[in-house]
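In the text below, chain A, chain B and the rest are named by the order of the sequence lines, each starting its count at 1. Note: hydrogens, waters and symmetry copies are ignored here, and every other heavy atom, side chains too, is used.
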2 protein chains.
Amino acid sequence: MKNAVTKTKPRAHSHSHQRQEMSALTGRLRQQARKITGPRAAILEILRQHPHPLTNKEIFAAMSGGQCNLATIYRAMHLLEEMGMVKRFDFGDGTARFELVGEGDDGHHHHLVCTRCAEVVEIEECFPSAIESRIAAANGFTSVTHKLEFFGICPECQ
Amino acid sequence: MKNAVTKTKPRAHSHSHQRQEMSALTGRLRQQARKITGPRAAILEILRQHPHPLTNKEIFAAMSGGQCNLATIYRAMHLLEEMGMVKRFDFGDGTARFELVGEGDDGHHHHLVCTRCAEVVEIEECFPSAIESRIAAANGFTSVTHKLEFFGICPECQ
DNA sequence: ATTAAGATGCAAACGATTTGCATTTAAAAT
DNA sequence: ATTTTAAATGCAAATCGTTTGCATCTTAAT
Ligand SMILES: [Mn+2]
Ligand SMILES: [Mn+2]
Ligand SMILES: [Zn+2]
Ligand SMILES: [Zn+2]
């Protein structure tokens, strides 16, 4: 039995940031009859080790020797997004960012971004669903969701 | 005396949507030593009569006979944004949208957008400042604000 | 080993936005 | 009213993130 000694139980964040097993990731691809290719494995590996959203260019740069074409990354991110394996985020700078999403998790969460140095903090809080429901009802809308990001100056940059 | 009979007092929205006088708008430009030009007058006039954010292309299309060049609109929107006369919004479709802002108003507010027909509803509610303060404090950030937009299916499209 | 659907690389195409530069113009100065 | 000049415009070319057509490859099933 491992870890028999007292140990702080790891806090499971609502948006699961515990790294996913590579096998679980490739398994999800196989289930959908998609191929496990070099580029895809490399992309998933990079996403796996980053706790914050990455741009396609950042993913591309993170690959040692241009393991694949940038267009391939764009295509892969679309596929992964459709499959619900990654979530797309928009920090308002005209560049999409992607984060790996845990199995069964829809990935909905928010960030606090430093407008000086671009540091990113993962945020647990969400827009109060009671208020959102009220907004939806008041306007006759259904399936209402939201995009929400926070911006400010981080401790380092103040 | 007009309207002597019982009448519902018009609800003043937090983000002033009462149309601004053209003279007030041009006055703000003059104060900053900017010129009142044909294109700028046309742009302000169009923004004045639209309660929802407009894209630059929509503003351009709203001008009868190509009263000005699209690049001029882009430049004007940057100027107006810097001057705090318009607020930029991002609905996540890669196209900026602008809305006229009342004098003294910072224009901060949110929208509910139909993902089927793109109908836009102006929203009064805002992210609870108490929670935002807690998020800022918990992470040592200052000057924290947020971008927030709601998405759903409007009554027509359901 | 064969095969076919799926994936990739590459370059061209795209749409929104920005920019350089010659020309025009609003508004201040005379 | 005329002159003057900083500011603004038009136009075309450039930029940037993203998408796409197509020939070529590769995964994974047969
Ligand atoms: Mn995140
Ligand atoms: Mn609005
Ligand atoms: Zn949320
Ligand atoms: Zn708000």
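The side chain of B/T37 places an N or O atom within less than 4.0 Å of a non-bridging phosphate oxygen (OP1 or OP2) of D/dT9.
Heavy-atom distances to DNA chain C give each of B/R75 and B/R30 a nearest nucleotide, and the one nearer the 5′ end belongs to B/R75.
Nearest heavy atom pair, residue B/C126 against residue A/F127, reads O-CE1, 3.8 Å.
Heavy atoms of B/R34 sit under 4.0 angstrom from primed sugar atoms or phosphate atoms, though from no base atom. Heavy atoms of B/A96 sit under 4.0 angstrom from primed sugar atoms or phosphate atoms, though from no base atom. Among the protein residues, A/R40 comes within range of the sugar-phosphate backbone only, with heavy atoms under 4.0 Å from sugar or phosphate atoms but none that close to a base. Residue-level contact check: A/Q67 touches the backbone only, with heavy atoms under 4.0 Å from sugar-phosphate atoms and none from bases.
For A/Y74, whose side chain is taken as the heavy atoms from C-beta onward, the closest listed nucleotide among C/dT8, D/dT19, C/dA27 is D/dT19. Minimum atom distance to the side chain of B/T72 is reached by D/dT9, of the listed C/dT17, D/dC11, D/dT9. Comparing atom distances between the A/I36 side chain and each of D/dA28, C/dT17, C/dA27 picks out D/dA28 as nearest.
Nucleotide C/dT17 holds its C1' atom 13 Å from the CD atom of B/E81, rounded to whole Å. Rounded to whole Å, the distance from CG on B/D93 to C1' on C/dG15 is 11 Å. Per the geometry, CZ belonging to A/F60 stands 14 Å off C1' belonging to D/dG17, to the nearest Å. Protein atom CE of A/M63 is 13 Å distant from nucleotide atom C1' of C/dG9, rounded to whole Å. Atom CZ in A/F98 sits roughly 7 Å away from atom P in D/dT18 (whole-Å rounding). Rounding to whole angstrom units, CE of residue B/M77 and P of C/dT18 are separated by 12 Å. Put simply, CG on A/L79 is 18 Å from P on C/dA5, counting in whole angstrom units. Note: CG (A/N69) to C1' (C/dA12) measures 13 Å, nearest angstrom.
With respect to A/H110, the side-chain hydrogen bond (donor to acceptor under 3.5 Å, both in side chains) criterion is satisfied by exactly one of A/H146, A/E125, A/E124, A/E149: A/H146.
Each of A/F91 and B/V144 belongs to its own hydrophobic cluster when Ile, Leu, Val, Met, Phe, Trp and Tyr are linked at side-chain heavy-atom distances under 4.5 angstrom.
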_Derivation of the side chain to side chain contact (heavy atoms under 4.5 Å, CB included) call for B/K87 and B/E81_ = CA-CA 6 Å; B/K87 177 88 175 170; B/E81 187 183 16; over 6 Å; no

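Judged by distance alone, the side chains of B/E99 and B/H111 do bring a donor and an acceptor atom under 3.5 Å apart.
With hydrogens and angles left out, the side chain of A/K35 and the base of C/dA5 share a donor-acceptor pair within 3.5 Å.
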